[in-house]
Amino acid sequence: MERITAARGLNLRCKGWRQEALLRMLENVLENGENQKELIVYAALAKAARNWPSYHAIVHTLKELEEDETLVIQSGKPIGIFKTHRFSPLVVMANCNLVGRWATSENFYRLQEKGLLIWGGLTAAAWQYIGSQGVIQGTYEIFQSIARLHFDGSLAGKFILTAGLGGMGGAQPLAGTLAGAAILCVEVSQERIDRRIKANYLQRKTDSLDEALLWIHEAVQQGKAVSVGLLGNAADIYPELVERGIIPDIVTDQTSAHDLVYGYVPSGYQIGDLEAARVHATEKLQHDAGASIAREVKAMLELKKRGAIVFDNGNNIRSKAHQYGVENAFDIDIFTEAFLRPLFARAIGPFRWVALSGEVSDIQVIDDYILEAFKDNDIITNWIQLAREHVPVEGLPARIGWFGHGDRTKLALAVNQMVREGKLQGPVAFSRDHLDAASMTHPNIMTERMKDGSDAIADWPLLNAMLNCSSMADLVTIHSGGGGYAGYMTSAGVTLVADGRVESDIRLETTLNNDTGLGVLRYADAGYEESADEVLRKDIRWIETI
Ligand code: NAD
């Protein structure tokens, strides 16, 4: 079958730009994905559609869809078209939602096998994935935050150890070098290492630990940034570093540790062994993966004891280690609580825009606008300057930037006006990560140790999705966890299209104000002072009760 890439240019295959935009976003997640043949986009198993017949049916439907109709998708499969009205979402989705007691990995794998649901990741089935760059500013801000908290503001001369160079983990080497550090990334797959080198996310590669450490040591001595991909298994390399008494400054991991069948590769396994093991020895594979994760996490805890800053980067590695006997796995901090919560409390989070024309110049024009219009916002101007110089284009040209309440709306309205006035070559789609202030409940990632103990309450993402539908967004999704995330999370996603029309101003303004407005209130309700301040500064209508 021919490889799928997103359409470029101004020719419409659909009945309007809103529908065309969503179709290009779907194609774009596959263009940027890790394993197109299996419709897998990232995070081990996160898929764009249920199967190929569903994919083709979605494409066909989007081409036929009228502006006053809504396509309903259940776990990546199109179910029907309903007559709604022109201010309704064009697409609503629910992916991988199982009721409480049934939300287990075993049930997920069984239902997936029967073809009844998929794990959609946060951005795969929601058609919002933009490649490794999708988490790059988040990873960079984590490193910057650690620099401020622990290293006098700079990571020059500091050594970061991590693992996993997949769809999302692939952002780590570039984020590390942008932060000025020497970063060692352990990865079991040669193919993934080569892919990140080719994409200019990773600088050097080796299969020798000694050589890797030599390069890191030289960079640390000279205070220079370097990224090194080491072919190896994290479950072997992390304990080996402990054994040798080598203590990195910062330690994390972004392998797909959440999934013991399709994600984490146990020590002693070759990539080629996995397919057969998944079919014929699932229990053994899970057990071996769990045991390897336990070994790796014990090493992480030992490195922490010896002075390294160690954190979980959102892959459930602590939960799996705990399940496999590491009682104190949760002594390791989660990145959201340790480094990013003050930003989330103001609803500042990962906001993305995609140039649907395929023209890189559209992203550059928007960069210029941001540098001028947000010149007092140091986080964003610093990031845009770095990104425009160093972040490669993946798929349709896109950018991610951490914007908060009011600023997202300001940017989107300005972009819609630029489309209207012909200052951009074509329309632009906006989305944000599901890992955003109002839109995610995950008691071991986003909402761990909330001030009021509301970690596991999933009302917020559900309210968020309903509010975004009421606010006239173009696409709204509700996702829960699959694979090893089953039972761990619920989140909501939203996509908006700036097609230049005046009526799109209404969608953009209402949805973006309400999306981040609810985010601020979620944290205000939980007792965060930053949120209460944001409520006052930005005139958000909070009903403050006890
Ligand atoms: P992926 O499946 O595309 O890549 C995982 C990589 O880890 C693969 O390249 C695999 O070969 C490698 N790997 C597996 N076991 C290994 C081992 N034992 N040693 C060394 N390498 C090993 O997944 P991804 O999209 O990169 O996501 C990685 C994890 O991060 C997932 O759990 C995902 O859910 C999580 N995630 C976190 C955030 C966040 O905001 N922090 C965002 C997105 C994804």
Side-chain angles (χ1 to χ4, degrees), residues 32-35 38 40-46 119-124 128-139 141-142 161-172 175 184-196 201-202 229-239 252-271 274 285 288-297 311-320 334-336 339-340 344 349-350 400 433-436 440 442 444-446 479 481-485 488-489 491:
N32 285 322
E34 295 292 303
N35 179 358
E38 305 292 333
I40 291 172
V41 180
Y42 75 107
L45 206 52
W119 151 235
L122 303 182
T123 53
Q128 293 159 343
Y129 184 76
I130 56 170
S132 298
Q133 65 179 316
V135 288
I136 194 168
Q137 195 194 352
T139 312
E141 295 302 341
I142 292 171
L161 169 68
T162 187
L165 289 172
M168 297 284 81
Q172 299 178 102
L184 176 61
C185 308
V186 184
E187 166 61 61
V188 278
S189 158
Q190 186 65 60
E191 188 263 326
R192 300 292 179 107
I193 292 178
D194 293 340
R195 194 170 167 155
R196 303 306 158 212
Y201 270 75
L202 175 68
L230 170 65
L231 184 66
N233 193 304
D236 301 326
I237 301 293
Y238 284 41
T252 188
D253 172 289
Q254 212 170 11
T255 59
S256 274
H258 70 274
D259 193 315
L260 303 185
V261 179
Y262 294 89
Y264 193 88
V265 181
S267 166
Y269 281 66
Q270 303 301 315
I271 300 279
L274 292 170
L285 178 63
D288 291 348
S292 285
I293 286 176
R295 223 169 72 211
E296 183 184 339
V297 169
F311 68 94
D312 174 325
N313 198 6
N315 61 354
N316 259 16
I317 196 164
R318 298 168 308 162
S319 318
K320 297 297 162 193
I334 182 70
F335 73 104
T336 43
F339 309 120
L340 300 178
F344 285 128
I400 186 150
D433 208 82
H434 290 211
L435 191 129
D436 203 42
M440 187 194 246
H442 187 320
N444 285 153
I445 298 183
M446 186 67 184
H479 289 198
Y485 285 132
Y488 277 89
M489 61 188 276
S491 67

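We count ligands from 1, going down the list as the structure has it; atoms in each ligand are counted the same way. Because only heavy atoms are used, hydrogens play no part in the values below, and waters and symmetry mates are left out as well, while side chains stay in.
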Task: Backbone or side-chain N or O of Gly164 under 3.5 Å from ligand 1 N or O - done: no
Task: Which residue and heavy atom of the protein sit nearest atom 35 (C) of ligand 1, plus the separation - done: Gly314 O, 3.4 Å
TODO: Look only at interatomic distance and state if Ile271 has a nitrogen or oxygen under 3.5 Å from any nitrogen or oxygen of ligand 1.
DONE: no
TODO: Output the list of atoms in ligand 1 that are nearer than 4.0 Å to some heavy atom of Gly232, sorted by atom number.
DONE: 20 (C)
Open item on the list: If you measure every N or O of Ala44 against every N or O of ligand 1, does any of those distances drop under 3.5 Å?
Closed with: yes
Task: Under the salt bridge (charged side-chain N to carboxylate O under 4.0 Å, His left out) test, residues paired with Arg196 that sit two or more places apart - done: Glu34
Task: Contact check, Ser267 vs ligand 1, heavy-atom distance below 4.0 Å - done: no
- [ ] Identify the protein heavy atom lying closest to atom 10 (C) of ligand 1, giving its residue, its atom name and the separation to 0.1 Å.
- [x] Glu187 OE2, 3.4 Å
Open item on the list: Would Gly170 count as a polar contact of ligand 1, with the cut-off being nitrogen or oxygen pairs under 3.5 Å?
Closed with: no
Task: Side-chain (Tyr42) to main-chain (Thr123) donor-acceptor, under 3.5 angstrom - done: yes
Open item on the list: What I'd like to find out is whether the side chain of Tyr262 reaches to under 4.5 Å of the side chain of Leu285, using heavy atoms alone.
Closed with: no
Task: Option set Gln254, Glu34, Met168, criterion heavy-atom distance to atom 37 (C) of ligand 1, minimum - done: Gln254
Open item on the list: Between Ser267 and Asn233, do the side chains contain a donor N or O and an acceptor N or O under 3.5 Å apart?
Closed with: no
Task: Trace of the side-chain hydrogen bond (donor to acceptor under 3.5 Å, both in side chains) decision for Asn444 with Asn316 - done: CA-CA 7 Å; Asn444 285 153; Asn316 259 16; 5.5 Å; no
TODO: Specify the protein heavy atom at minimum distance from atom 19 (N) of ligand 1: its residue, its atom name, and the distance to 0.1 Å.
DONE: Ala234 N, 3.0 Å
Task: Non-hydrogen side-chain atoms of Ile142 and Phe311 separated by less than 4.5 Å - done: yes
- [ ] Answer whether the closest heavy-atom distance between the side chains of Phe344 and Met446 falls below 4.5 Å.
- [x] yes
- [ ] May I ask you to check whether Tyr485 has an N/O atom sitting below 3.5 Å from an N/O atom of ligand 1?
- [x] yes
- [ ] Report yes if Ala43 has an N/O atom closer than 3.5 Å to an N/O atom of ligand 1; otherwise report no.
- [x] yes
Task: Proximal atoms of ligand 1 relative to Val186 (non-hydrogen, under 4.0 Å) - done: 20 (C), 21 (N)
Open item on the list: As a quick check of understanding, evaluate side chain to side chain contact (heavy atoms under 4.5 Å, CB included) for Val186 and Thr255, giving each step before the final call.
Closed with: CA-CA 9 Å; Val186 184; Thr255 59; over 6 Å; no
Task: Evaluation steps, side chain to side chain contact (heavy atoms under 4.5 Å, CB included), between Asn313 and Gln172 - done: CA-CA 10 Å; Asn313 198 6; Gln172 299 178 102; 4.2 Å; yes
Task: Trace of the side chain to side chain contact (heavy atoms under 4.5 Å, CB included) decision for Gln133 with Tyr201 - done: CA-CA 9 Å; Gln133 65 179 316; Tyr201 270 75; 3.2 Å; yes
TODO: Measure from the side-chain N and O atoms of His434 to the backbone N and O of Leu122, and report whether any donor-acceptor pair falls under 3.5 Å.
DONE: yes
Open item on the list: With a 4.0 Å cut-off on heavy atoms, is Phe335 in contact with ligand 1?
Closed with: yes
- [ ] Give the residue, atom name and distance (to 0.1 Å) of the protein heavy atom nearest atom 21 (N) of ligand 1.
- [x] Val188 N, 3.3 Å
Task: Close-contact set for ligand 1 against Val135 heavy atoms, below 4.0 Å - done: 42 (C)
TODO: Drop me the distance from Ile445's CD1 to Met440's CE, to the nearest 0.5 angstrom.
DONE: 6.0 Å
- [ ] Report yes or no: does a heavy atom of Gly138 sit under 4.0 Å from some atom of ligand 1?
- [x] no
Task: Proximal ligand 1 atoms for His258, defined as those under 4.0 Å from one of its heavy atoms - done: 31 (C), 32 (O), 34 (O)
Task: Distance (rounded to the nearest 0.5 Å) between Asn32 CG and Tyr129 OH - done: 6.5 Å
- [ ] Among all protein heavy atoms, pick out the one at the shortest distance from atom 17 (C) of ligand 1; state its residue, atom name and that distance to 0.1 Å.
- [x] Asn233 OD1, 3.7 Å
Open item on the list: Please list the nearest protein heavy atom to atom 4 (O) of ligand 1 with its residue and the distance rounded to 0.1 Å.
Closed with: Gly166 CA, 3.1 Å
- [ ] Go through ligand 1 atom by atom and flag the ones less than 4.0 Å from a non-hydrogen atom of Gly263.
- [x] 14 (C)
Task: N/O separation below 3.5 Å, Gly169 to ligand 1 - done: yes
Task: Nearest protein heavy atom with distance in Å, relative to atom 29 (C) of ligand 1 - done: Thr255 O, 3.3 Å
- [ ] Considering heavy atoms of the protein only, find what lies nearest to atom 3 (O) of ligand 1 and give residue, atom and distance to 0.1 Å.
- [x] Gly167 N, 2.9 Å
Task: Aromatic plane relationship, Tyr485 with His442 - under 30° parallel, 30 to 60° tilted, over 60° perpendicular - done: perpendicular
